[in-house]
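The block underneath contains the structure these notes are about, expressed in C-alpha coordinates.
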Amino acid sequence: MSIQVKFFASLRESLGQSETTVEQASTVTEVWDLATQSATPPNNLLVAVNLDYANMQSQVNDGDEVAFFPPVTGG
Amino acid sequence: MSIQVKFFASLRESLGQSETTVEQASTVTEVWDLATQSATPPNNLLVAVNLDYANMQSQVNDGDEVAFFPPVTGG
Amino acid sequence: MATHILDEDFQPYQWLSEFSQQMPAGRDGAAASFIGTMRDYNDDATVRTMTLEHYPAMTQRYLEQLEKQAKTDWPLNDCLIVHRVGEVFPGEAIVLIGCWSAHRRAALDACNWLIEELKYKAPFWKKEQNQSGERWVESNTDGL
Amino acid sequence: MATHILDEDFQPYQWLSEFSQQMPAGRDGAAASFIGTMRDYNDDATVRTMTLEHYPAMTQRYLEQLEKQAKTDWPLNDCLIVHRVGEVFPGEAIVLIGCWSAHRRAALDACNWLIEELKYKAPFWKKEQNQSGERWVESNTDGL
(Lines give C-alpha, C1' and ligand atoms only; values in the text may rest on other atoms or scores of the structure.)
Protein backbone atom coordinates (compact mmCIF):
# COMPACT_ATOMS: atom_id res chain seq x y z
CA MET A 1 0.00 0.00 0.00
CA SER A 2 1.23 3.46 -0.84
CA ILE A 3 -0.41 6.84 -0.28
CA GLN A 4 1.07 10.00 -1.75
CA VAL A 5 0.93 12.96 0.66
CA LYS A 6 1.30 16.64 -0.25
CA PHE A 7 1.56 19.81 1.81
CA PHE A 8 1.02 23.32 0.51
CA ALA A 9 1.77 26.94 1.33
CA SER A 10 2.42 27.90 4.98
CA LEU A 11 1.86 24.30 6.07
CA ARG A 12 4.50 23.09 3.63
CA GLU A 13 6.91 25.64 5.09
CA SER A 14 6.14 25.00 8.75
CA LEU A 15 6.41 21.22 8.33
CA GLY A 16 9.48 21.60 6.15
CA GLN A 17 8.24 19.11 3.56
CA SER A 18 6.17 19.32 0.41
CA GLU A 19 5.65 15.62 -0.34
CA THR A 20 6.00 12.26 1.32
CA THR A 21 4.63 8.76 1.08
CA VAL A 22 2.74 6.80 3.70
CA GLU A 23 2.73 3.01 3.49
CA GLN A 24 -0.18 1.97 5.69
CA ALA A 25 -3.24 4.04 6.67
CA SER A 26 -7.00 3.73 6.52
CA THR A 27 -8.10 7.28 7.35
CA VAL A 28 -6.87 10.80 6.66
CA THR A 29 -6.08 11.19 10.35
CA GLU A 30 -3.72 8.24 10.17
CA VAL A 31 -2.10 9.67 7.05
CA TRP A 32 -1.57 12.99 8.86
CA ASP A 33 -0.07 11.33 11.94
CA LEU A 34 2.30 9.16 9.95
CA ALA A 35 3.33 11.92 7.55
CA THR A 36 3.92 14.55 10.26
CA GLN A 37 5.12 12.38 13.16
CA SER A 38 1.80 13.18 14.88
CA ALA A 39 2.13 16.96 14.72
CA THR A 40 -0.93 18.80 16.08
CA PRO A 41 -3.08 19.62 13.06
CA PRO A 42 -3.87 23.35 12.76
CA ASN A 43 -7.47 24.31 13.52
CA ASN A 44 -8.16 25.54 10.03
CA LEU A 45 -6.50 22.58 8.25
CA LEU A 46 -8.02 21.63 4.91
CA VAL A 47 -7.63 18.25 3.28
CA ALA A 48 -8.26 16.79 -0.15
CA VAL A 49 -8.28 13.14 -1.17
CA ASN A 50 -7.72 12.53 -4.87
CA LEU A 51 -8.27 16.24 -5.62
CA ASP A 52 -11.64 16.49 -3.85
CA TYR A 53 -12.21 18.10 -0.48
CA ALA A 54 -12.41 15.53 2.31
CA ASN A 55 -12.09 15.51 6.10
CA MET A 56 -9.94 13.88 8.76
CA GLN A 57 -12.34 10.92 9.03
CA SER A 58 -12.35 10.18 5.29
CA GLN A 59 -11.17 6.72 4.25
CA VAL A 60 -8.05 6.32 2.13
CA ASN A 61 -7.03 3.52 -0.19
CA ASP A 62 -3.92 2.28 -1.91
CA GLY A 63 -2.79 4.74 -4.58
CA ASP A 64 -4.69 7.72 -3.16
CA GLU A 65 -3.25 11.21 -3.10
CA VAL A 66 -3.90 13.08 0.14
CA ALA A 67 -3.17 16.81 0.35
CA PHE A 68 -3.11 19.03 3.44
CA PHE A 69 -3.22 22.80 3.22
CA PRO A 70 -4.24 26.01 5.04
CA PRO A 71 -7.29 28.14 4.09
CA VAL A 72 -7.11 29.11 0.44
CA THR A 73 -6.46 32.72 -0.53
CA GLY A 74 -6.75 32.87 -4.31
CA GLY A 75 -8.76 35.21 -6.48
CA MET B 1 -45.37 82.22 -19.88
CA SER B 2 -43.93 79.47 -22.03
CA ILE B 3 -43.42 75.80 -21.28
CA GLN B 4 -41.52 73.57 -23.67
CA VAL B 5 -43.12 70.14 -24.07
CA LYS B 6 -41.45 67.01 -25.48
CA PHE B 7 -42.74 63.56 -26.36
CA PHE B 8 -40.58 60.49 -26.89
CA ALA B 9 -40.66 57.05 -28.48
CA SER B 10 -44.06 55.34 -29.01
CA LEU B 11 -45.84 58.30 -27.41
CA ARG B 12 -44.22 60.70 -29.88
CA GLU B 13 -45.40 58.46 -32.70
CA SER B 14 -48.94 57.91 -31.44
CA LEU B 15 -49.46 61.61 -30.75
CA GLY B 16 -47.79 62.56 -34.00
CA GLN B 17 -45.66 65.27 -32.41
CA SER B 18 -42.26 65.44 -30.80
CA GLU B 19 -42.31 68.99 -29.41
CA THR B 20 -44.73 71.75 -28.70
CA THR B 21 -45.09 74.81 -26.49
CA VAL B 22 -47.75 75.51 -23.91
CA GLU B 23 -48.43 79.09 -22.92
CA GLN B 24 -50.32 78.83 -19.63
CA ALA B 25 -50.30 75.95 -17.15
CA SER B 26 -49.59 75.40 -13.47
CA THR B 27 -49.39 71.59 -13.24
CA VAL B 28 -48.10 68.79 -15.42
CA THR B 29 -51.70 67.61 -15.93
CA GLU B 30 -52.59 70.96 -17.45
CA VAL B 31 -49.52 70.82 -19.67
CA TRP B 32 -50.56 67.36 -20.87
CA ASP B 33 -54.15 68.43 -21.57
CA LEU B 34 -53.14 71.54 -23.47
CA ALA B 35 -50.37 69.84 -25.43
CA THR B 36 -52.45 66.80 -26.44
CA GLN B 37 -55.95 68.31 -26.72
CA SER B 38 -56.86 66.36 -23.57
CA ALA B 39 -55.86 62.93 -24.88
CA THR B 40 -56.24 60.16 -22.31
CA PRO B 41 -52.80 59.70 -20.74
CA PRO B 42 -51.53 56.11 -21.01
CA ASN B 43 -51.45 54.17 -17.73
CA ASN B 44 -47.72 53.80 -17.73
CA LEU B 45 -46.96 57.41 -18.72
CA LEU B 46 -43.72 58.82 -17.34
CA VAL B 47 -43.01 62.52 -16.99
CA ALA B 48 -39.96 64.65 -16.33
CA VAL B 49 -39.83 68.34 -15.45
CA ASN B 50 -36.51 70.03 -16.21
CA LEU B 51 -34.84 66.63 -16.74
CA ASP B 52 -35.93 65.16 -13.39
CA TYR B 53 -38.69 62.62 -12.93
CA ALA B 54 -41.94 64.23 -11.79
CA ASN B 55 -45.64 63.32 -11.72
CA MET B 56 -48.91 64.65 -13.06
CA GLN B 57 -49.45 66.79 -9.97
CA SER B 58 -46.05 68.47 -10.14
CA GLN B 59 -46.04 72.26 -10.47
CA VAL B 60 -44.61 73.90 -13.56
CA ASN B 61 -43.20 77.38 -14.03
CA ASP B 62 -42.35 79.69 -16.86
CA GLY B 63 -39.40 78.36 -18.86
CA ASP B 64 -39.77 74.77 -17.68
CA GLU B 65 -39.24 71.82 -19.96
CA VAL B 66 -41.81 69.06 -19.52
CA ALA B 67 -41.27 65.66 -21.16
CA PHE B 68 -43.72 62.78 -21.51
CA PHE B 69 -42.63 59.28 -22.41
CA PRO B 70 -43.45 55.57 -22.11
CA PRO B 71 -41.56 53.13 -19.84
CA VAL B 72 -37.87 53.23 -20.62
CA THR B 73 -36.20 50.27 -22.31
CA GLY B 74 -32.51 51.05 -22.44
CA GLY B 75 -29.55 48.98 -21.34
CA MET C 1 -16.17 58.78 -13.42
CA ALA C 2 -17.28 59.06 -17.01
CA THR C 3 -20.48 58.83 -18.99
CA HIS C 4 -20.57 58.49 -22.76
CA ILE C 5 -23.51 58.29 -25.13
CA LEU C 6 -22.35 57.07 -28.53
CA ASP C 7 -24.12 56.98 -31.86
CA GLU C 8 -21.86 54.39 -33.41
CA ASP C 9 -20.59 50.91 -32.63
CA PHE C 10 -18.00 50.66 -29.88
CA GLN C 11 -15.70 47.95 -28.53
CA PRO C 12 -16.55 47.56 -24.84
CA TYR C 13 -13.42 45.66 -23.80
CA GLN C 14 -11.24 48.21 -25.53
CA TRP C 15 -13.04 50.97 -23.63
CA LEU C 16 -12.58 49.12 -20.35
CA SER C 17 -8.94 48.48 -21.09
CA GLU C 18 -8.17 52.08 -22.05
CA PHE C 19 -10.19 53.52 -19.19
CA SER C 20 -8.47 51.31 -16.63
CA GLN C 21 -5.01 52.05 -18.01
CA GLN C 22 -5.44 55.67 -16.94
CA MET C 23 -5.84 54.59 -13.31
CA PRO C 24 -2.95 54.32 -10.85
CA ALA C 25 -1.61 50.74 -11.02
CA GLY C 26 -2.03 48.92 -7.72
CA ARG C 27 -4.90 51.08 -6.44
CA ASP C 28 -7.82 48.78 -7.31
CA GLY C 29 -8.20 45.17 -6.29
CA ALA C 30 -11.48 44.68 -8.12
CA ALA C 31 -13.05 45.55 -11.44
CA ALA C 32 -16.58 44.46 -12.27
CA SER C 33 -18.24 45.07 -15.59
CA PHE C 34 -21.47 44.43 -17.37
CA ILE C 35 -21.98 44.57 -21.13
CA GLY C 36 -25.41 44.46 -22.68
CA THR C 37 -25.34 43.35 -26.30
CA MET C 38 -27.99 43.28 -28.99
CA ARG C 39 -29.36 39.79 -29.51
CA ASP C 40 -30.76 38.67 -32.85
CA TYR C 41 -33.93 37.36 -31.21
CA ASN C 42 -36.47 38.65 -28.68
CA ASP C 43 -39.82 37.18 -27.64
CA ASP C 44 -39.45 34.47 -30.31
CA ALA C 45 -39.04 36.95 -33.15
CA THR C 46 -35.90 37.38 -35.18
CA VAL C 47 -34.63 40.92 -34.83
CA ARG C 48 -32.69 42.48 -37.68
CA THR C 49 -31.86 45.91 -36.33
CA MET C 50 -32.84 48.06 -33.42
CA THR C 51 -33.08 51.81 -33.08
CA LEU C 52 -32.34 53.40 -29.74
CA GLU C 53 -34.00 56.74 -29.08
CA HIS C 54 -33.14 58.83 -26.05
CA TYR C 55 -33.77 62.14 -24.35
CA PRO C 56 -30.27 63.55 -24.71
CA ALA C 57 -30.08 66.17 -21.96
CA MET C 58 -31.90 64.01 -19.43
CA THR C 59 -30.01 60.86 -20.31
CA GLN C 60 -26.63 62.45 -19.76
CA ARG C 61 -27.77 64.02 -16.51
CA TYR C 62 -29.41 60.85 -15.28
CA LEU C 63 -26.40 58.64 -15.95
CA GLU C 64 -24.12 61.11 -14.17
CA GLN C 65 -26.50 61.11 -11.20
CA LEU C 66 -26.39 57.31 -11.13
CA GLU C 67 -22.60 57.34 -11.01
CA LYS C 68 -22.61 59.90 -8.20
CA GLN C 69 -25.12 57.86 -6.24
CA ALA C 70 -23.07 54.69 -6.71
CA LYS C 71 -19.96 56.48 -5.45
CA THR C 72 -21.92 57.64 -2.41
CA ASP C 73 -23.34 54.20 -1.64
CA TRP C 74 -20.18 52.14 -2.22
CA PRO C 75 -16.44 52.80 -1.82
CA LEU C 76 -15.85 52.94 -5.57
CA ASN C 77 -12.64 54.32 -6.97
CA ASP C 78 -14.00 54.82 -10.46
CA CYS C 79 -16.95 54.16 -12.65
CA LEU C 80 -17.67 54.13 -16.40
CA ILE C 81 -20.99 54.09 -18.25
CA VAL C 82 -21.21 53.93 -22.03
CA HIS C 83 -24.55 53.66 -23.87
CA ARG C 84 -25.37 53.39 -27.55
CA VAL C 85 -28.07 55.33 -29.36
CA GLY C 86 -29.19 55.21 -32.99
CA GLU C 87 -29.31 52.12 -35.18
CA VAL C 88 -27.83 49.01 -33.59
CA PHE C 89 -27.14 45.63 -35.20
CA PRO C 90 -27.05 42.15 -33.63
CA GLY C 91 -23.84 41.50 -31.75
CA GLU C 92 -23.17 45.19 -31.14
CA ALA C 93 -22.84 46.46 -27.60
CA ILE C 94 -25.71 48.57 -26.25
CA VAL C 95 -24.48 49.35 -22.76
CA LEU C 96 -21.25 49.06 -20.82
CA ILE C 97 -20.87 49.52 -17.08
CA GLY C 98 -17.53 49.31 -15.31
CA CYS C 99 -16.82 49.70 -11.59
CA TRP C 100 -13.44 49.76 -9.84
CA SER C 101 -12.82 49.42 -6.10
CA ALA C 102 -10.27 48.17 -3.58
CA HIS C 103 -12.33 45.11 -2.64
CA ARG C 104 -14.68 43.01 -4.71
CA ARG C 105 -18.07 43.60 -3.09
CA ALA C 106 -18.20 47.31 -3.86
CA ALA C 107 -17.37 46.83 -7.53
CA LEU C 108 -19.73 43.86 -7.99
CA ASP C 109 -22.65 45.33 -6.06
CA ALA C 110 -22.38 48.79 -7.61
CA CYS C 111 -22.20 47.30 -11.11
CA ASN C 112 -25.29 45.25 -10.40
CA TRP C 113 -27.17 48.26 -9.00
CA LEU C 114 -26.16 50.53 -11.88
CA ILE C 115 -27.45 48.23 -14.61
CA GLU C 116 -30.76 47.73 -12.81
CA GLU C 117 -31.25 51.46 -12.22
CA LEU C 118 -30.26 52.29 -15.76
CA LYS C 119 -32.65 49.70 -17.19
CA TYR C 120 -35.61 50.93 -15.20
CA LYS C 121 -35.05 54.66 -15.26
CA ALA C 122 -32.61 56.02 -17.83
CA PRO C 123 -34.61 57.57 -20.70
CA PHE C 124 -33.73 55.28 -23.61
CA TRP C 125 -36.26 53.49 -25.82
CA LYS C 126 -35.75 50.55 -28.13
CA LYS C 127 -37.59 49.97 -31.37
CA GLU C 128 -36.98 46.62 -33.02
CA GLN C 129 -37.05 46.03 -36.75
CA ASN C 130 -37.85 42.43 -37.63
CA GLN C 131 -39.15 40.52 -40.65
CA SER C 132 -42.74 41.60 -40.07
CA GLY C 133 -42.08 45.30 -39.55
CA GLU C 134 -41.12 47.24 -36.48
CA ARG C 135 -42.28 47.51 -32.89
CA TRP C 136 -41.41 49.46 -29.80
CA VAL C 137 -40.11 47.34 -26.93
CA GLU C 138 -42.77 48.02 -24.33
CA SER C 139 -40.88 47.40 -21.14
CA ASN C 140 -37.68 45.94 -19.87
CA THR C 141 -37.74 42.45 -18.46
CA ASP C 142 -36.55 41.52 -15.01
CA GLY C 143 -33.39 40.17 -16.59
CA LEU C 144 -34.30 36.48 -16.30
CA MET D 1 -16.27 27.04 -21.14
CA ALA D 2 -12.59 27.48 -20.51
CA THR D 3 -10.22 27.47 -17.55
CA HIS D 4 -6.67 28.75 -17.74
CA ILE D 5 -3.96 28.87 -15.10
CA LEU D 6 -1.18 31.20 -16.23
CA ASP D 7 2.30 31.74 -14.84
CA GLU D 8 2.83 35.11 -16.48
CA ASP D 9 1.07 38.46 -16.70
CA PHE D 10 -2.05 38.59 -18.86
CA GLN D 11 -4.35 41.29 -20.21
CA PRO D 12 -7.84 40.47 -18.93
CA TYR D 13 -9.79 42.70 -21.33
CA GLN D 14 -7.88 41.27 -24.27
CA TRP D 15 -8.78 37.76 -23.08
CA LEU D 16 -12.43 38.73 -22.70
CA SER D 17 -12.46 40.37 -26.11
CA GLU D 18 -10.83 37.44 -27.89
CA PHE D 19 -12.92 34.87 -26.05
CA SER D 20 -16.17 36.67 -26.87
CA GLN D 21 -15.23 37.11 -30.52
CA GLN D 22 -15.35 33.34 -30.95
CA MET D 23 -19.00 33.31 -29.92
CA PRO D 24 -21.92 33.57 -32.37
CA ALA D 25 -22.77 37.29 -32.72
CA GLY D 26 -26.30 38.03 -31.51
CA ARG D 27 -26.56 35.02 -29.20
CA ASP D 28 -25.80 36.71 -25.89
CA GLY D 29 -27.53 39.74 -24.47
CA ALA D 30 -25.36 39.94 -21.38
CA ALA D 31 -21.71 39.63 -20.44
CA ALA D 32 -20.59 40.05 -16.84
CA SER D 33 -17.01 39.98 -15.74
CA PHE D 34 -14.92 40.30 -12.65
CA ILE D 35 -11.20 41.03 -12.56
CA GLY D 36 -9.19 40.76 -9.38
CA THR D 37 -5.99 42.77 -9.52
CA MET D 38 -2.99 42.93 -7.23
CA ARG D 39 -3.06 46.02 -5.05
CA ASP D 40 0.12 47.61 -3.74
CA TYR D 41 -1.23 47.67 -0.19
CA ASN D 42 -2.96 45.21 2.16
CA ASP D 43 -3.76 45.53 5.87
CA ASP D 44 -1.88 48.86 5.97
CA ALA D 45 1.35 47.39 4.64
CA THR D 46 2.87 48.26 1.31
CA VAL D 47 3.15 45.14 -0.82
CA ARG D 48 5.95 44.87 -3.37
CA THR D 49 5.29 41.50 -4.93
CA MET D 50 3.16 38.47 -4.28
CA THR D 51 3.74 34.83 -5.00
CA LEU D 52 0.77 32.62 -5.81
CA GLU D 53 1.18 28.94 -5.04
CA HIS D 54 -1.40 26.39 -6.11
CA TYR D 55 -2.17 22.68 -6.22
CA PRO D 56 -2.07 22.28 -9.99
CA ALA D 57 -4.14 19.16 -10.58
CA MET D 58 -6.77 20.08 -8.02
CA THR D 59 -6.95 23.71 -9.09
CA GLN D 60 -7.65 22.86 -12.69
CA ARG D 61 -10.22 20.26 -11.70
CA TYR D 62 -11.87 22.54 -9.16
CA LEU D 63 -12.22 25.48 -11.53
CA GLU D 64 -13.72 23.23 -14.19
CA GLN D 65 -16.20 21.89 -11.63
CA LEU D 66 -17.15 25.45 -10.71
CA GLU D 67 -17.87 26.27 -14.34
CA LYS D 68 -19.97 23.13 -14.73
CA GLN D 69 -21.93 23.95 -11.60
CA ALA D 70 -22.52 27.52 -12.78
CA LYS D 71 -23.84 26.22 -16.10
CA THR D 72 -26.17 23.88 -14.22
CA ASP D 73 -27.46 26.57 -11.87
CA TRP D 74 -27.91 29.39 -14.42
CA PRO D 75 -28.74 29.52 -18.14
CA LEU D 76 -25.20 30.51 -19.11
CA ASN D 77 -24.05 30.33 -22.69
CA ASP D 78 -20.38 30.47 -21.88
CA CYS D 79 -17.94 30.99 -19.07
CA LEU D 80 -14.24 31.83 -18.76
CA ILE D 81 -11.95 31.59 -15.74
CA VAL D 82 -8.31 32.69 -15.85
CA HIS D 83 -6.08 32.66 -12.76
CA ARG D 84 -2.47 33.69 -12.27
CA VAL D 85 0.15 31.71 -10.37
CA GLY D 86 3.79 32.53 -9.64
CA GLU D 87 5.21 35.97 -8.92
CA VAL D 88 2.71 38.81 -9.36
CA PHE D 89 3.38 42.56 -9.29
CA PRO D 90 1.05 45.43 -8.29
CA GLY D 91 -1.42 46.28 -11.02
CA GLU D 92 -1.27 42.83 -12.58
CA ALA D 93 -4.42 40.77 -12.87
CA ILE D 94 -4.76 37.78 -10.54
CA VAL D 95 -8.13 36.41 -11.58
CA LEU D 96 -10.58 36.93 -14.41
CA ILE D 97 -14.12 35.59 -14.53
CA GLY D 98 -16.41 36.10 -17.50
CA CYS D 99 -20.01 34.91 -17.93
CA TRP D 100 -22.22 35.17 -21.00
CA SER D 101 -25.98 34.65 -21.15
CA ALA D 102 -29.11 35.73 -23.02
CA HIS D 103 -30.38 37.90 -20.14
CA ARG D 104 -28.49 39.85 -17.54
CA ARG D 105 -29.36 38.09 -14.27
CA ALA D 106 -27.74 34.79 -15.20
CA ALA D 107 -24.45 36.41 -16.23
CA LEU D 108 -24.32 38.76 -13.23
CA ASP D 109 -25.38 36.20 -10.62
CA ALA D 110 -23.13 33.44 -11.95
CA CYS D 111 -20.15 35.80 -12.09
CA ASN D 112 -20.80 36.82 -8.52
CA TRP D 113 -21.15 33.21 -7.37
CA LEU D 114 -18.02 32.08 -9.21
CA ILE D 115 -15.72 34.64 -7.64
CA GLU D 116 -17.04 33.86 -4.14
CA GLU D 117 -16.67 30.11 -4.62
CA LEU D 118 -13.23 30.48 -6.13
CA LYS D 119 -12.06 32.73 -3.30
CA TYR D 120 -13.23 30.38 -0.58
CA LYS D 121 -12.41 27.03 -2.10
CA ALA D 122 -10.01 27.00 -5.06
CA PRO D 123 -6.58 25.81 -3.85
CA PHE D 124 -4.45 28.93 -4.37
CA TRP D 125 -2.34 30.59 -1.69
CA LYS D 126 -0.87 34.08 -1.63
CA LYS D 127 2.41 35.05 -0.03
CA GLU D 128 3.11 38.76 0.11
CA GLN D 129 6.57 40.29 -0.04
CA ASN D 130 6.73 43.71 1.60
CA GLN D 131 9.38 45.99 3.05
CA SER D 132 9.65 43.99 6.27
CA GLY D 133 9.91 40.56 4.69
CA GLU D 134 7.25 38.15 3.55
CA ARG D 135 4.08 36.67 4.97
CA TRP D 136 1.39 34.23 3.93
CA VAL D 137 -2.04 35.76 3.52
CA GLU D 138 -3.96 33.82 6.16
CA SER D 139 -7.48 34.02 4.83
CA ASN D 140 -9.56 35.81 2.27
CA THR D 141 -11.70 38.71 3.40
CA ASP D 142 -15.42 38.93 2.85
CA GLY D 143 -14.73 41.35 0.03
CA LEU D 144 -15.67 44.52 1.90
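For clarity, every value in this text was computed on a predicted model and none was experimentally measured. Labels below follow one simple rule: chain letters A, B, ... track the order of the sequence lines, proteins then strands, and each chain is numbered from 1.
Exactly one of Tyr120(C), Phe124(C), Trp125(C) qualifies for a side-chain contact (heavy atoms from CB on, under 4.5 Å) with Val72(B). That residue is Trp125(C).
Contact annotation for residues 31-44 of chain B against chain C (heavy-atom separation below 4.5 Å): no residues qualify.
Under the 3.5 Å distance criterion, the side-chain polar atoms of His83(C) are left unmatched by any main-chain donor or acceptor of Gly74(B). Thr73(B) places no side-chain N or O within 3.5 Å of a backbone atom of Asn140(C) that could act as its donor or acceptor partner. Looking at Trp136(C), its side chain never comes within 3.5 Å of a backbone N or O of Ala9(B) through a donor-acceptor pair.
Interatomic distance, OG of Ser10(B) versus NZ of Lys126(C), reported as 14.5 Å (0.5 Å rounding). Distance check, rounded to the nearest 0.5 Å: CG of Leu46(B) to NZ of Lys121(C) gives 10.5 Å.
Side-chain contact check for Glu13(B) versus Lys127(C): some heavy-atom pair is nearer than 4.5 Å. Within the 4.5 Å cutoff, no side-chain heavy atoms of His54(C) are placed close to those of Phe69(B).
Looking at Gln65(C), only its side chain comes within 4.5 Å of chain B, counting heavy atoms on both sides. Only the backbone of Ala122(C) comes within contact range of chain B, with at least one heavy atom under 4.5 Å from a heavy atom of that chain.
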Please lay out, stage by stage, how Arg61(C) and Asp52(B) fare under the test side chain to side chain contact (heavy atoms under 4.5 Å, CB included). CA-CA 9 Å; Arg61(C) 178 182 161 88; Asp52(B) 280 325; 2.7 Å; yes
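Ring geometry for Tyr53(B) against Tyr62(C) counts as perpendicular: the plane angle is over 60°, on a 0 to 90° scale with 30° as the lower cut.
Enclosure of atom CD in Gln131(C) by more than 12 non-hydrogen atoms of other residues, nucleotides or ligands within 6.0 angstrom is indicated. The number of heavy atoms from other shown groups lying within 6.0 Å of CD (Glu138(C)) does not exceed 12.
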